[in-house]
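Notes for the one structure printed next.
As the structure is a prediction and not an experimental result, all values here were calculated from the model. Below, read A as the first sequence line, B as the second, and so on, with proteins coming before strands; counting in each chain starts at 1.
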Protein chains: 2
Amino acid sequence: MPVHILLIDDDANIRASLGMVLRQEGYTVSEAGSGEEALNSFHLHPADVVLVDLMLPGVDGFEVTRQLRRSSDVPVIVVSARTDTHDIVAGLEAGADDYLTKPVMAKELSARIRALMRRAMSTSREGPVICVGDLEIRPDAGTVHRGGVELALTRTEFRLLCELASRPGSVMDRPQLLNRVWGYDYFGDTRLVDVHIGRLRAKVERDPSRPEVVVTVRGLGYKLQGL
Amino acid sequence: MPVHILLIDDDANIRASLGMVLRQEGYTVSEAGSGEEALNSFHLHPADVVLVDLMLPGVDGFEVTRQLRRSSDVPVIVVSARTDTHDIVAGLEAGADDYLTKPVMAKELSARIRALMRRAMSTSREGPVICVGDLEIRPDAGTVHRGGVELALTRTEFRLLCELASRPGSVMDRPQLLNRVWGYDYFGDTRLVDVHIGRLRAKVERDPSRPEVVVTVRGLGYKLQGL
DNA sequence: AGGTTCGGTAACAGTTGTGTAACGGCTCGG
DNA sequence: CCGAGCCGTTACACAACTGTTACCGAACCT
């Protein structure tokens, strides 16, 4: 799941250069040139991090921050040309988590984003949940639920399932699975994967004799039936 | 409950002036002049926020930050004379939440502390009482009640329980628990955690032979049954 | 259909993980 | 100095998990 950043600045050049830096870091980026645009955009498609300039036409950066805070805990970083302590304090008081002054160093910006996300994640109550079909996989809790009941998977089964779930719908062959689940660097033939797939099915499938979730692709490997 | 700040700097003048600023803001402050002193102090009396200088004799600020992170989620702000982007990035990567360059503006420092505490407290502070199943845990009071009666836990048992309760439902593995409860670095295998889990269960579980609260996740660790 | 390959699964034995009892060291208060 | 409680280590028994093998049926090919 890519991390999404909303970038708010009225200067298209700055948006372009910051955007490029962020995209290179692997983030997806959407841009807004005004406060109104930003708030609308955020409502439609909430971001994981917001970068906001203070000087915006219309609704300024302070106000954008306050509005965001009203409905969201999203991490907000102010990026502004204004270096005055008064502005910094006002930005943070408005609800921002950090304040950077232009010109920003790319490395510093991304380090600060990482630090902030780390902090924001660590306090989030619920870990991520991966849903495949009627399965709910919680890598964090190490549990799999189906219809509210917890399935008792072993560690290997769980890792196998997670590995398959990391790319639902696409086939993974045996060497690949051996590598990623067992860490083996192994070619020859072993039925290891098959056996564990079988054990996994016994717990995961409604009717293990007719698999609907963990599907065999003959001659290739296995895949998770996306949906 | 007053907010407590640990201030680490080898320059007594800076400690004095920053300390004064912080005390005026209503914080209680303890000071340390070296990394070793700071880590010892933190272990004895954990702070709510840590301010650390980078240039320290012996264990430097980077290392202090890393060590703290190993056993705690405490908010850490680096306060350093070094303005180089490389240092900023390294500080944040080491686990710091923010990085300020000297000379620091008092107003900015306190605004950043407030912003960070707001973020850190937003969901992590469980309030005065954590309830798990029919257990009532009061971290401040150091007590656990079940059905109105107080359970007599030892300090270790209590910390273990609190640690598990900090993320109910999420599995915590043994190294993690060793770090956070005992402050150990992980060295090989020890049954220490298991034994104390057993002792904790003897007091906490209705039927210790069939645990419902402190649940084993084989191959991974233990978790508190959220409910 | 017959031969061949591939996948599913039962059985088993070896390995690993976990619960717990027991023991000695330590601290603290009398 | 002595006992009580707590802590960390060790040892052992038992349960759960793992990887291998063997056998069988299904799918594929000619």
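Between the side chains of B:Thr28 and B:His4, at least one donor-acceptor pair of N or O atoms lies under 3.5 Å. Between A:His45 and A:Ser30, the side chains place no donor N or O within less than 3.5 Å of an acceptor N or O (distance only, hydrogens not considered). Remark: the B:Thr216 side chain and the B:Arg201 side chain contain an N/O donor-acceptor pair separated by less than 3.5 Å.
Between A:Asp194 atom CG and D:dG19 atom C1' there is a gap of 12 Å when expressed in whole angstrom units. The CG atom of A:Asp173 sits 11 Å away from the P atom of C:dG7 (whole-angstrom rounding). In this structure, A:His196 atom NE2 and C:dG7 atom P are separated by 17 Å, rounded to whole Å. In this entry the distance linking CD1 of A:Ile197 with P of D:dT20 reads 16 Å, nearest Å. Rounded to whole Å, atom P of D:dT10 lies 11 Å from atom CG of B:Leu192. The distance from atom CZ of A:Phe158 to atom P of D:dT18 is 13 Å, rounded to the nearest whole Å. Taking atom CG of residue B:Leu200 and atom P of nucleotide C:dT20, one finds them 12 Å apart after rounding to whole Å. A straight line from CZ of B:Arg191 to C1' of C:dT16 spans 11 Å, rounded to a whole angstrom.
Not one side-chain nitrogen or oxygen of B:Thr156 sits closer than 4.0 Å to the OP1 or OP2 atom of D:dC6. In this structure, A:Thr154 reaches the D:dT18 phosphate: one of its side-chain N or O atoms is under 4.0 Å from OP1 or OP2. Proximity of B:Arg174 to the phosphate of C:dG17: no side-chain N or O atom is located under 4.0 Å from OP1 or OP2. Applying the 4.0 Å criterion to OP1 and OP2 of D:dC7, one finds that B:Trp182 has every side-chain N and O outside that range. The side chain of A:Thr216 places an N or O atom within less than 4.0 Å of a non-bridging phosphate oxygen (OP1 or OP2) of C:dG8.
One N or O donor and one acceptor, one from the side chain of B:Arg199 and one from the base of D:dG8, sit under 3.5 Å apart.
Residue order along DNA chain D, read from the 5' end via each residue's closest nucleotide, puts B:Ala152 first among B:Ala152 and B:Val195.
Results of the salt bridge (charged side-chain N to carboxylate O under 4.0 Å, His left out) test with A:Glu93 over B:Arg114, B:Arg118, B:Lys107 single out B:Arg114 as the only residue that passes. The side-chain hydrogen bond (donor to acceptor under 3.5 Å, both in side chains) test with B:Glu157 singles out one residue from B:His196, B:Lys203, B:Arg199, and that residue is B:Lys203.
Formation of a donor-acceptor pair under 3.5 Å by the B:Glu31 side chain with backbone atoms of B:Leu6 is not found in this model. Under the 3.5 Å distance criterion, the side-chain polar atoms of B:Ser17 are matched with a main-chain donor or acceptor of B:Ile14. Side-chain atoms of B:Gln24 do not come within 3.5 Å of backbone N or O of B:Val21 as any donor-acceptor pair.
A heavy-atom distance below 4.0 Å to DNA chain C is reached by these residues of residues 217-224 of chain A, ordered by number: A:Arg218, A:Gly219, A:Tyr222.
The heavy-atom pair separating B:Arg15 from B:Asp9 by the smallest distance is NH1-O, 2.7 Å.
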Hey, mind stepping through A:Asp97 and A:Arg112 against salt bridge (charged side-chain N to carboxylate O under 4.0 Å, His left out) and telling me if it holds?
-> CA-CA 10 Å; A:Asp97 291 288; A:Arg112 282 184 183 269; over 6 Å; no
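Using a 4.5 Å heavy-atom cutoff, the side chains of B:Arg180 and B:Met172 are in contact.
One finds no salt bridge joining B:Glu136 and B:Arg146 here, because no Lys/Arg side-chain nitrogen approaches an Asp/Glu carboxylate oxygen to under 4.0 Å.
Between the axis at the start and the axis at the end of the helix from C:dA1-D:dT30 to C:dG30-D:dC1 there is an angle of 30°, using five pairs per end and rounding to 10 degrees.
Backbone-only engagement by B:Arg201 is indicated by non-hydrogen atom pairs under 4.0 Å involving sugar-phosphate atoms exclusively.
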I'd like a list of close polar pairs between nucleotides 27-30 of chain C and the protein, N/O only, cut-off under 3.5 Å.
none

